[in-house]
Protein chains: 2
Amino acid sequence: MDETSALTAFAALSNESRLRVVKALVEAGPDGLSAGEIAERLGATPSRASFHLSALADAGLVTSTKQSRSVRYAVRFEAMGGLARYLLEDCCKGNATARSCCG
Amino acid sequence: MDETSALTAFAALSNESRLRVVKALVEAGPDGLSAGEIAERLGATPSRASFHLSALADAGLVTSTKQSRSVRYAVRFEAMGGLARYLLEDCCKGNATARSCCG
DNA sequence: AATATATTTCAAGAATCATTGAAATGAAAG
DNA sequence: CTTTCATTTCAATGATTCTTGAAATATATT
């Protein structure tokens, strides 16, 4: 994860709708959710959900796979962990206090 | 760390100038840097540096302490770790792939 | 007291981001 | 092949964020 990717990922997670999407996808498990299901849970228009899903996908935090006529989204845990690693190692240089979050 | 604080922290870190400030403060160690030194490293006007420093302080990611006529800023490692923890535990529910960043 | 230094605050404008609804795309069903 | 369903794209508008320079604040020095 380089600085540019980290900036994009932080920006993606700095929006309430998008953070809620990520949490819903984590809850949903490996099969994830379709764009429509996500829009419904968000109480958002399809267009609005699609906008936020694109931001998350561009940041590499979710995958999208087309299945017949719907699109399923799932969280990319390795990207989430990669961002946490960036925070702890690249930003904080492995500082012990910061790393205590790894418990 | 609640969701609102996490959103503010992600927003704070989603800006290149502010991410550079955090890295500079980590490099600088416990004594941190003055607002003027930070502005200089950033190649930014004092006003612009102050704007970004306020965002980082509001997010709880840095502390500011007035020392005679300058203001010293330092990184709050527990807040950085708290954000990483939020990412791994609250968002990812402790998922093992995400947590592998703790290596 | 007057001046210099360090920083913040403020107002204005530029740039970016988010929401909306309509139109476009594409895949399935009748 | 037309219609329906799921999603994305687009253009317009509104909202937020960023930058700039000037003015304000506060502390130190002469």
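Proteins come first, then strands; the chains are lettered A, B, ... in the order of their sequence lines, and each starts at number 1. From a predicted model like this one, the values you see are computed outputs, not experimental measurements.
When every heavy atom of A:Gly60 is checked against every heavy atom of A:Arg76, the shortest pair comes out as O-NH1, 2.8 Å. Taking all atoms of both residues into account, the shortest heavy-atom contact from A:Val21 to A:Leu56 is CG1-CD1, 3.7 Å.
Considering only heavy atoms from C-beta on, A:Leu13 stays 4.5 Å or farther from B:Leu7 through its side chain.
Less than 4.0 Å separates DNA chain D from at least one heavy atom of each of the following residues of residues 35-63 of chain A: A:Ala35, A:Gly36, A:Pro46, A:Ser47, A:Ser50.
Linking Ile, Leu, Val, Met, Phe, Trp and Tyr residues whenever their side-chain heavy atoms come within less than 4.5 Å leaves B:Val75 and A:Leu88 in two separate clusters. Residue B:Phe51 is not grouped with residue B:Leu19 when hydrophobic side chains (ILVMFWY) are merged at heavy-atom distances under 4.5 angstrom, including chains of intermediate members.
A distance-only check finds no donor-acceptor pair linking the side chain of A:Arg18 to the backbone of A:His52 [under 3.5 Å].
Between the P atom of D:dC18 and the CD atom of B:Glu16 lies a distance of 12 Å, rounded to the nearest Å. B:Leu33 has its CG atom 15 Å from the P atom of C:dA6, to the nearest Å. The CG-P distance, from B:Leu7 to D:dT16, rounds to 15 Å in whole Å. Nucleotide C:dC17 holds its P atom 11 Å from the CG atom of A:Asn15, rounded to whole Å.
The neighbour count for A:Glu3 CD, taken as heavy atoms of other residues, nucleotides or ligands under 6.0 Å away, is above 12.
OP1 or OP2 of C:dA6 has not a single side-chain nitrogen or oxygen of B:Tyr73 nearer than 4.0 Å. Contact annotation: A:Ser34 side-chain N/O to D:dT7 OP1/OP2 distance is under 4.0 Å.
No engagement by B:Arg72 is indicated, since no non-hydrogen atom pair under 4.0 Å with the nucleic acid exists.
For the pair A:Ser14 and A:Lys66, both in contact range of DNA chain C, the more 5′-proximal nearest nucleotide belongs to A:Ser14.
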Could you check B:Asp90 against A:Lys23 for salt bridge (Lys or Arg N to Asp or Glu O under 4.0 Å), going step by step and ending with a plain yes or no? CA-CA 8 Å; B:Asp90 296 60; A:Lys23 287 180 179 178; over 6 Å; no
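Contacts of B:Ala44 classified as side-chain contact (heavy atoms from CB on, under 4.5 Å), with partners at least two apart in sequence or in another chain: B:Leu42, B:Arg48.
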Quick test: give all pairs of protein nitrogen or oxygen and nucleotides 28-30 of chain D nitrogen or oxygen below 3.5 Å, distance rounded to 0.1 Å.
none

